[in-house]
Number of protein chains: 2
Amino acid sequence: MKTLSIKDIAVKAGVSITTVSFIINGKAKDKSISEAVIKKVEKIIKESGYKPNQIARSLRTGHSNIIGLIIEDISNSFFSRIARLIEDKAYKKGYKIIYSSTENSVDKAKELINMFKSRKVDGYIISPIKGIEEDIQVLLTDNKPVILFDRNLSDIDTNYVGSDHFKASYQSIESFIKKGKKNIALVTTDIDVEQIVERLDGYKQALIDNNIPYHDDLVVKIHFNQDENETIEQMKSLFRSKEIDAVLFATNYLAISGLKALKQINKTIGEDFAVIAYDDHEVFELHTPSISAVQQPLEEIAETVIQLILSQLSSKSKLENQQVIISSKLIER
Amino acid sequence: MKTLSIKDIAVKAGVSITTVSFIINGKAKDKSISEAVIKKVEKIIKESGYKPNQIARSLRTGHSNIIGLIIEDISNSFFSRIARLIEDKAYKKGYKIIYSSTENSVDKAKELINMFKSRKVDGYIISPIKGIEEDIQVLLTDNKPVILFDRNLSDIDTNYVGSDHFKASYQSIESFIKKGKKNIALVTTDIDVEQIVERLDGYKQALIDNNIPYHDDLVVKIHFNQDENETIEQMKSLFRSKEIDAVLFATNYLAISGLKALKQINKTIGEDFAVIAYDDHEVFELHTPSISAVQQPLEEIAETVIQLILSQLSSKSKLENQQVIISSKLIER
DNA sequence: TTGAATTAGTAAAACGTTTTACTTTAAAAT
DNA sequence: ATTTTAAAGTAAAACGTTTTACTAATTCAA
């Protein structure tokens, strides 16, 4: 069964393609198509189950009602939750989301942007990595709405939604210090993205402000994408060799690996060993003892992102760029 | 800056559009375009950064190199992990994935199928729900490759990849029985999908085969999409009111809620109260005590799905439908 | 009663590709 | 010296829409 085209409908209704198109797009009134014709055509459309070919439509109009979402890794719960929220909200406004993971590869990120571009997505929501500034700039000069989230790119002047990573990190370390911790470690990753750097800066600054010397060897940078077992080994050696009494994990998956490491060396979390994870995760609430975590307000972030992009999409004139910083919450458990 | 079209390239190179098209599509040799022209055109393409408009391409060719993936909920780690694996593998073969969540709504699922259809995706990977049989059948009569996974639809004759839910459930219950458990509960959901039904059947059959009477009130069906707190309350009343010594959770998110419930009523898992979760999750490994789980072989499932769909896509003739059942593993912790 | 305005609708161009069927020139075969 | 074949390339149709500019018929105004 050949799929129906607008032409088939036109023929069946005995009117022109133009007329059908006007009716489909709600412009019938405007273009003075009679009520009778409208009814007749609509009936035929309903009965036949005709659905306009969006590809043809996009080719003609230049837009797609699709928003591209580029994230680091959909299997990371932070991103998958954000993605779900964004998808939900976009869907309600008639937009679809295509998403794809960069896995922190600059090449893949560039490729994704190109793919989205050649598929004529209407806007971009990107959790960016360094090295794609140029590509994003091209989108901007092309007048495409771009919203960065989670991480900012300082060289790029566009919209950004994120939380205050510096502050959250700073406060986490301060909470350790208030509890009398002295040897506070930071386990982070080696990827060079603003949000990770800020977490490191917050760590450093909190130490300095509290007259605790900063020791390079208390900061472990785990190679992104490395095998988890290796990560666990690295952490075990950190936890064993140093007199650490507290550790901040800069991402939730690092914290999870960290918990595994601690379990393996039978080190218990408690009075003399405190832990905070960045980005909450179900594991932390259920862990015994439960684990404190920096909780980013996912719902708010998603809401802001989608609201920003939709207002860009609907406004004909270029809106002013906005930087929205939403506070994180330290959930002490 | 207007975006470049194939025509711009043709003009710049002083050749016809046809020639450029042949070169782009690697048909230059075939169509006897001289080496010199090929080189020249390729150089211009490289320098100008021209990327073919995929929309126009799709309109003309009728395919998109996009595979649609329809799942229940991307924020569920089972699905997000599968999605990531599928995306990865598809990507390597030059296919992109568009995914979207149904949230177990028949209407949304139908809408998604329609959206994918009107966007001319080349194939469909669907974790289906009851009520969309007709829509899937339409895809099939339309000769589109469809792979169902995780759950099968018995009315539909197409490809399916999944694990043996009946068996895994059966074995889980048997393992309880071997440990001397007598009052074994099942916490499941009320959604009417084959995979959930099979888990219930496995539970029942294992009891029967071991001469343990089946009690209706040991099976709790949690309403899908209901607020988690309500779920937790329901579970608390189950765990408190009955003399239960073991419980199988039919999904990982139910198990997580269950663990929260247990924590709230201070019931500890151990000698006289055993737990198994269906679908593994990081929580279970790290929980104290760690929680046994039925582990579906995600990698294998993803691999099989993608391999099936790719072979369908590349073969001109209709291939025979395959039902691939991959065994799950009960991880005893 | 004529010209203007309104109503109801349509023909055809355009979006950017791919692909079929064709042309022209040169080389090879007879 | 003619015909055949091969090499190198191109014109134009087609994919399914949207949209602009148009026509024809009717009504209205003066």
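Residue numbers begin at 1 in each chain, while the letters A, B, ... track the order of the sequences. These numbers come from the heavy atoms of this one structure, side chains and all, not from hydrogens, waters or symmetry mates.
Distance from the side chain of A:Asn25 is smallest for D:dT18 among the nucleotides D:dT18, D:dT10, D:dG16. Comparing D:dT19, D:dT10, C:dT19 by their closest approach to the side chain of B:Thr19 singles out D:dT10. Taking only side-chain atoms of B:Leu59, from C-beta outward, the nucleotide of C:dG16, C:dT17, D:dT10 with the closest atom is C:dG16. Each of D:dT17, C:dT20, C:dG16 was ranked by its minimum atom distance to the side chain of B:Arg60; first place goes to C:dG16. Closest approach to the B:Ile33 side chain among D:dG9, C:dT19, C:dT17 is made by D:dG9 (side chain taken as heavy atoms from C-beta onward). When the nucleotides D:dG16, C:dT17, D:dT19 are ranked by their closest atom to the side chain of B:Asn53, C:dT17 comes out on top. When distances run from any side-chain atom of B:Ala56 to the nucleotides D:dT20, C:dG16, C:dG9, the shortest one goes to C:dG16. Nearest to the side-chain atoms of B:Tyr50 among the listed nucleotides C:dA14, C:dT17, D:dT20 stands C:dT17.
At a threshold of 4.0 Å, the pair B:Lys89-B:Glu299 counts as salt-bridged, since one of the basic side-chain nitrogens sits closer than that to a carboxylate oxygen. We find that B:Asp88 and B:Arg84 are joined by a salt bridge, their nearest charged nitrogen and carboxylate oxygen being less than 4.0 Å apart.
Rounded to whole Å, atom P of D:dA7 lies 14 Å from atom NZ of B:Lys31. Note: NZ (B:Lys51) to P (C:dG16) measures 17 Å, nearest angstrom. Rounded to a whole Å, the CD1 atom of B:Ile45 is 13 Å from the C1' atom of C:dT17. Nucleotide D:dG16 holds its P atom 17 Å from the CZ atom of B:Arg119, rounded to whole Å. In this structure, the CD1 atom of A:Ile55 is 14 Å from the P atom of D:dT18, given to the nearest Å. Across the protein-nucleic acid pair, A:Ile9 atom CD1 and D:dG16 atom C1' stand 13 Å apart, rounded to whole Å. C:dG16 atom C1' lies 9 Å from atom NZ of A:Lys120, rounded to whole Å. Atom CD1 of B:Ile23 and atom P of D:dA8 are 13 Å apart (whole Å).
Judged purely by distance below 3.5 Å, without hydrogens or angles, the side chains of B:Ser16 and B:Thr19 pair a donor atom with an acceptor atom. Inspection of the B:Ser127 and B:Arg151 side chains reveals an N or O donor paired with an N or O acceptor under 3.5 Å. In this structure, a donor-acceptor pair under 3.5 Å is absent between the side chains of B:Asp107 and B:Ser105.
For A:Ser21, a side-chain nitrogen or oxygen approaches OP1 or OP2 of D:dT18 to under 4.0 Å.
The environment of NZ in B:Lys46 is sparse: at most 12 heavy-atom neighbours from other residues, nucleotides or ligands sit within 6.0 Å.
The base of C:dA11 lies close enough to the side chain of A:Thr18 for a donor and an acceptor atom to sit less than 3.5 Å apart. Side-chain to base pairing of B:Ser32 with D:dA8: one donor and one acceptor N or O lie within less than 3.5 Å of each other. Within 3.5 Å, no donor on the side chain of A:Ser5 pairs with an acceptor on the base of D:dT17, nor the reverse.
Nucleic acid contact for B:Lys27: sugar-phosphate only, since backbone atoms but no base atoms lie under 4.0 Å from a heavy atom of the residue. Among the protein residues, A:Thr61 comes within range of the sugar-phosphate backbone only, with heavy atoms under 4.0 Å from sugar or phosphate atoms but none that close to a base. Base contact: B:Ile17 has a heavy atom under 4.0 Å from a base atom.
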